[in-house]
Student: 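The structure follows.
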Amino acid sequence: MNNGEFMQLISNLRDLDHHQRKRLSATLNQVGDEAKVFDLIESCIEANSACPHCASPDLHRFGCAGGLQRYRCQQCRKTFNALTGTPLARLRDKPKWLSYLAAMKQSLTVRQAAVDTGIHRNTSFRWRHRFLSWISQDRPPELKGITEADETYLLESGKGKRNLGRAPRKRGGSATKRGISDEQICVLVARDRAGQTLDFVMGNGALTKARLTSALKPKLAADALLVSDANPTYTAFCDAEGFSHETVNLSQGQRVNGAYHVQIVNAYHSRFKQWLARFHGVATHYLPNYLGWRRAFEQHPQMEPEILLNVALGNFQYLTVT
Ligand SMILES: [Zn+2]
């Protein structure tokens, strides 16, 4: 571009509307991000340097495809690149990944993130869930010591499904039945006093002992002390499995029982619901991703786009726990 054309381009910028300005700014950022993203992806394979098919370290370079170095394994003869076997394999538009992750850091909706990044909203949706797939691996293996647990309920949402079996609710909507019914999804949150948190989507309707057992039993240390409200399901679970148990009778106005309460988990529920409201009702199928996203937010609040990309590529050593 010669100088005259460039000056013309600059003067044309004055006529941009708000959205065009955002798009331009995103495009300029992406030009700078392109090299960064490819470097980051390639550095993964240097760090791991093993075949994703057979784990052999005997690799040869084998040309380039899609801007990425290809490798061939000398053992199994299969070819691959740094993204093979990761949730990000075959996603396109790599130069836009960092600005997309910046939009995720701001908890933008699928639609807003699409506009900010300059991608289609279906792409935005697909990327969101691919970039979140790591969170199912970032769960503490075991809760220890005093552990609060409490359930909360969210309205079931078949958003995006073709056959709902009922008239769709507009933007989340409200339940038609009073109290806890099959229209609601039970979400259990458990947190120990070291701040380790686990969330579980427990299915439709009220909490049952069988579901509680399958969720919590493998995740509670043998010497854990479970604190819950007076819901007898928790008592039945602890009696059957031999866990120590303390309760607070919230319905009778008892908020604290000595050192025991469920206020930390209750506060977590309300922060989660408040944050979730911006998404206008997420499909129940994707609820675990949103729970995990929120959990990641709380555990790693300083997660910059580059870090998030590293983590999405499986490099968990970039996570700092606060
Ligand atoms: Zn191999």
Side-chain angles (χ1 to χ4, degrees), residues 30-105 113 117 119-120 122-142 196 198-201 218-219 285-286 288-293 295-296 299-300 302-321:
Q30 280 154 16
V31 173
D33 282 351
E34 188 164 349
K36 229 191 271 180
V37 171
F38 280 101
D39 280 355
L40 230 150
I41 296 170
E42 299 288 17
S43 66
C44 281
I45 208 153
E46 282 152 28
N48 301 327
S49 68
C51 168
H53 306 290
C54 74
S56 164
D58 195 4
L59 318 175
H60 281 195
R61 287 173 190 266
F62 197 70
C64 257
L68 289 176
Q69 176 68 50
R70 279 183 80 74
Y71 296 86
R72 185 153 82 172
C73 173
Q74 298 304 100
Q75 196 71 40
C76 69
R77 313 299 288 172
K78 287 182 179 155
T79 61
F80 57 90
N81 63 33
L83 295 178
T84 303
T86 76
L88 308 186
R90 288 186 291 278
L91 290 190
R92 299 154 68 114
D93 276 334
K94 294 174 187 65
K96 297 181 176 179
W97 286 5
L98 288 177
S99 60
Y100 189 76
L101 291 167
M104 281 188 66
K105 186 170 189 265
T117 314
I119 55 177
H120 192 272
N122 293 350
T123 307
S124 175
F125 180 83
R126 184 164 59 248
W127 285 14
R128 162 155 306 178
H129 294 291
R130 293 285 189 89
F131 282 124
L132 285 175
S133 46
W134 63 277
I135 51 176
S136 61
Q137 295 167 52
D138 182 41
R139 290 170 74 80
E142 199 173 54
Q196 297 196 100
L198 281 170
D199 41 58
F200 305 90
V201 177
K219 290 293 188 177
H285 177 69
Y286 292 104
N289 274 1
Y290 284 87
L291 282 162
W293 186 2
R295 193 178 64 240
Q299 309 259 295
H300 325 289
Q302 301 305 327
M303 202 140 61
E304 298 303 323
E306 285 89 348
I307 295 176
L308 199 44
L309 181 53
N310 260 305
V311 175
L313 290 165
N315 300 318
F316 283 64
Q317 69 272 25
Y318 289 86
L319 286 178
T320 49
V321 179

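All ligand and atom numbering here is 1-based and tracks the order in the structure.
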Student: Listing request: all side chain to side chain donor-acceptor pair (under 3.5 Å) pairs with a residue in residues 130-142, at least two apart in sequence or in separate chains.
Tutor: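 Applying side chain to side chain donor-acceptor pair (under 3.5 Å) to every pair that reaches into residues 130-142, excluding sequence neighbours, yields D138-H300, R139-D199.
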Student: What is the distance from atom CZ of R72 to atom SG of C51, rounded to the nearest 0.5 Å?
Tutor: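 Between R72 CZ and C51 SG, I get 12.0 Å after rounding to 0.5 Å.
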Student: Flag the pair K94 and E34 as a salt bridge only when some basic side-chain nitrogen lies within less than 4.0 angstrom of an acidic carboxylate oxygen.
Tutor: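 Result for this pair is no, no salt bridge flagged.
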Student: Enumerate donor-acceptor pairs with a distance under 3.5 Å from any side-chain N or O in residues 83-90 to protein atoms, sequence neighbours excluded.
Tutor:
unit_1, atom_1, unit_2, atom_2, d
T84, OG1, N81, N, 2.9
T84, OG1, N81, O, 3.2
T84, OG1, N81, OD1, 3.4
T86, OG1, L83, O, 2.8
T86, OG1, L88, N, 3.1

Student: Can you check whether D58's main-chain N or O pairs, donor with acceptor, with Q75's side chain at less than 3.5 Å?
Tutor: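 Side chain of Q75 to backbone of D58: no pair is present.
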Student: Tell me how many protein N, O or S atoms are closer than 2.8 Å to the Zn ion (ligand 1).
Tutor: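 My tally for this metal is 4.
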Student: Run the ring pair (Phe, Tyr, Trp, His ring centres under 6.0 Å) test against H129 and tell me which residues pass, sequence neighbours left out.
Tutor: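 H129 satisfies ring pair (Phe, Tyr, Trp, His ring centres under 6.0 Å) with F125, Y286, Y290 only.
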